[in-house]
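See below for the structure under consideration.
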Amino acid sequence: MKKASLISVGAYTPKHILTNFDLEKMVDTSNEWIVKRTGINTRCIAKDEVTSDLATKAALVALQRSGLDKSEIDALICATVTPDYFCMPSTACKIASNLNLNNVTAFDISAACTGFIYLLDIAKSMIESGSKKNVLIVGAEKFSSIIDWSDRSTCVLFGDGAGAAVISARDDNEIIDIHTSSDGSKGDLLITPGCGTVNPASQEVLDKKLNFLHMAGNEVFKVAVQTLTKDVVDILEKNKIASEQVDLFIPHQANLRIIEAVKQRLNFTDEQCVVTVSKYGNTSSASIPMAMNEAYESGRLKQGDLILLDAFGGGFTWGSALLKFGGK
Ligand code: UT7
């Protein structure tokens with residue numbers, strides 16, 4: 001059986017930067033509160049670009065770095081909760097068209113901030129089953145389109161961006177293990193209530209702002225810390241890996257305090273942790289590949305490095321992954 005290996009990574013962020021000081025002029029907040037409670041200073045906002053534009057630019061970088069020809073890509077999967085269109089066509093089909101990838105399997109998945117871990121799980125299964133050889137995965141979000149810019153409890157947290165990776169059949173530097181899970185009973189705590197079949201689009205839905213993201217932040221925070229801490233401890237124990245053996249811990253970037261809590265529990269050093277939340281805020285499914293890309297471009301992530309990923313998000317969904325980086 002061939003192993004699945006993550007052989008390249010890429011990312012793209014829109015050019016417009018929204019600072020905490022900009023937000024001070026929009027809602028009743030302060031730079032001090034945002035930095036203290038979240039660790040966020042800035043986030044990128046897409047003005048004239050949609051989700052598939054961000055995704056296409058990230059995917060192109062990952063594709064170029066993979067050294068593969070476009071014709072070798074068998075499947076393109078996009079994780080997003082801010083797709084170009086509500087129902088169809090999928091964002092993945094649009095990205096495939098933008099990249100001139102003809103006749104590939106293309107579809108979207110919805111796992112909120114855990115999207116990239118779910119993508120890895122699917123791509124690994126496709127490759128190990130022998131059904132695909134090279135899978136392009138993309139986490140891409142335009143969260144600015146589902147944010148109520150008058151709600152200070154959410155508008156300071158999120159940003160736009162995309163990250164991509166190529167997963168290929170290889171003999172070494174494999175994806176070692178992935179764990180994904182969910183608890184739908186807590187779905188109401190992080191939700192966009194409107195425009196689905198429960199509350200179809202209507203003037204009332206817009207008036208009540210049900211088309212925007214609603215989050216019980218404090219409750220989500222507590223479950224995220226507990227769940228993520230247990231998940232990363234479990235995956236390391238299961239694979240008999242000590243935390244000091246991990247070269248890079250690349251967590252979902254929602255809140256610096258959540259990252260710090262997991263980091264302390266595992267005794268990770270600053271050198272082991274990749275933190276980008278200060279620059280980009282929470283970019284949901286894009287946050288892990290964006291952080292991985294930053295580590296790669298700065299020279300912190302090298303071929304053969306052992307990486308631990310974790311994520312938690314709406315659904316609830318969560319997951320973790322252990323892999324050796326296969327990129328050059
Ligand atoms: O990625 C998907 C998963 N998402 C997450 O993991 C996010 C999890 N949640 C969080 O990161 C944090 O809960 C938040 C950053 C959202 C909020 O931090 P918190 O420490 O849990 O604050 P809180 O919600 O308990 O609110 C504390 C106070 C409240 O005021 P009172 O009631 O104490 O007077 C809020 O109204 O802070 C107030 N507040 C703000 N003040 C200034 C809430 N948002 C703001 C704001 N600026 N932007």
Side-chain angles (χ1 to χ4, degrees), residues 18-43 79-82 110-119 139-144 146-161 163 180-184 186-192 212-232 250-263 265 275-291 309-320:
L18 186 71
T19 68
N20 292 348
F21 301 103
D22 295 327
L23 284 158
E24 283 182 351
K25 294 176 199 143
M26 295 160 62
V27 288
D28 180 17
T29 191
S30 66
N31 174 58
E32 190 192 0
W33 188 97
I34 302 170
V35 173
K36 192 171 162 206
R37 300 288 181 123
T38 72
I40 301 168
N41 287 286
T42 56
R43 64 291 286 147
T80 185
V81 286
T82 50
S110 169
C113 301
T114 319
F116 192 74
I117 310 270
Y118 272 66
L119 285 175
E141 305 287 1
K142 185 173 177 174
F143 253 68
S144 58
I146 57 161
I147 291 296
D148 173 1
W149 289 101
S150 65
D151 174 12
R152 70 175 184 174
S153 71
T154 53
C155 76
V156 304
L157 304 174
F158 295 92
D160 302 335
T180 50
S181 195
S182 67
D183 178 1
K186 297 200 174 66
D188 286 353
L189 297 177
L190 179 43
I191 188 169
T192 47
F212 293 129
L213 177 136
H214 295 249
M215 177 165 73
N218 197 266
E219 288 173 73
V220 176
F221 184 94
K222 286 178 202 152
V223 185
V225 170
Q226 283 166 6
T227 309
L228 285 174
T229 306
K230 181 175 180 329
D231 214 50
V232 290
I250 309 181
H252 169 50
Q253 310 280 321
N255 186 319
L256 186 59
R257 289 188 292 143
I258 298 176
I259 297 171
E260 287 291 335
V262 180
K263 180 185 159 203
R265 172 68 180 79
V275 179
T276 57
V277 67
S278 159
K279 271 163 74 174
Y280 303 125
N282 183 347
T283 56
S284 192
S285 67
S287 91
I288 289 179
M290 282 170 61
L309 313 177
D310 80 15
F312 181 91
F316 288 154
T317 56
W318 63 91
S320 52

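Every number for a ligand or one of its atoms is a count from 1 in the order of the listing.
More than 12 heavy atoms of other residues, nucleotides or ligands sit less than 6.0 Å from atom CZ of Arg257.
At a distance under 4.0 Å, a protein heavy atom can be found next to atom 48 (N) of ligand 1. There is no protein heavy atom closer than 4.0 angstrom to atom 32 (O) of ligand 1.
Closest to atom 44 (N) of ligand 1, if we only count protein heavy atoms, is Trp33 CH2, 3.4 Å.
Neither the backbone nor the side chain of Thr154 comes within contact range of ligand 1; no heavy atom lies under 4.0 Å. The proximity of Val27 to ligand 1, defined as any non-hydrogen pair under 4.0 Å, does not occur for either the backbone or the side chain. Contacts with ligand 1 closer than 4.0 Å are made by side-chain heavy atoms of Thr38 only, the backbone lying farther away. Looking at Thr29 against ligand 1, both its backbone and its side chain come within 4.0 Å, counting heavy atoms.
Of the candidates Val156, Asp151, Leu157, the one placing a heavy atom closest to atom 16 (C) of ligand 1 is Leu157.
Counted by atom type alone, Thr283 and Glu141 present zero donor-acceptor pairs between their side chains at under 3.5 Å.
Among the atoms of Ser30, none of the N or O lies under 3.5 angstrom from an N or O of ligand 1.
Residues satisfying the ring pair (Phe, Tyr, Trp, His ring centres under 6.0 Å) test with Phe312, not counting sequence neighbours, are Phe316.
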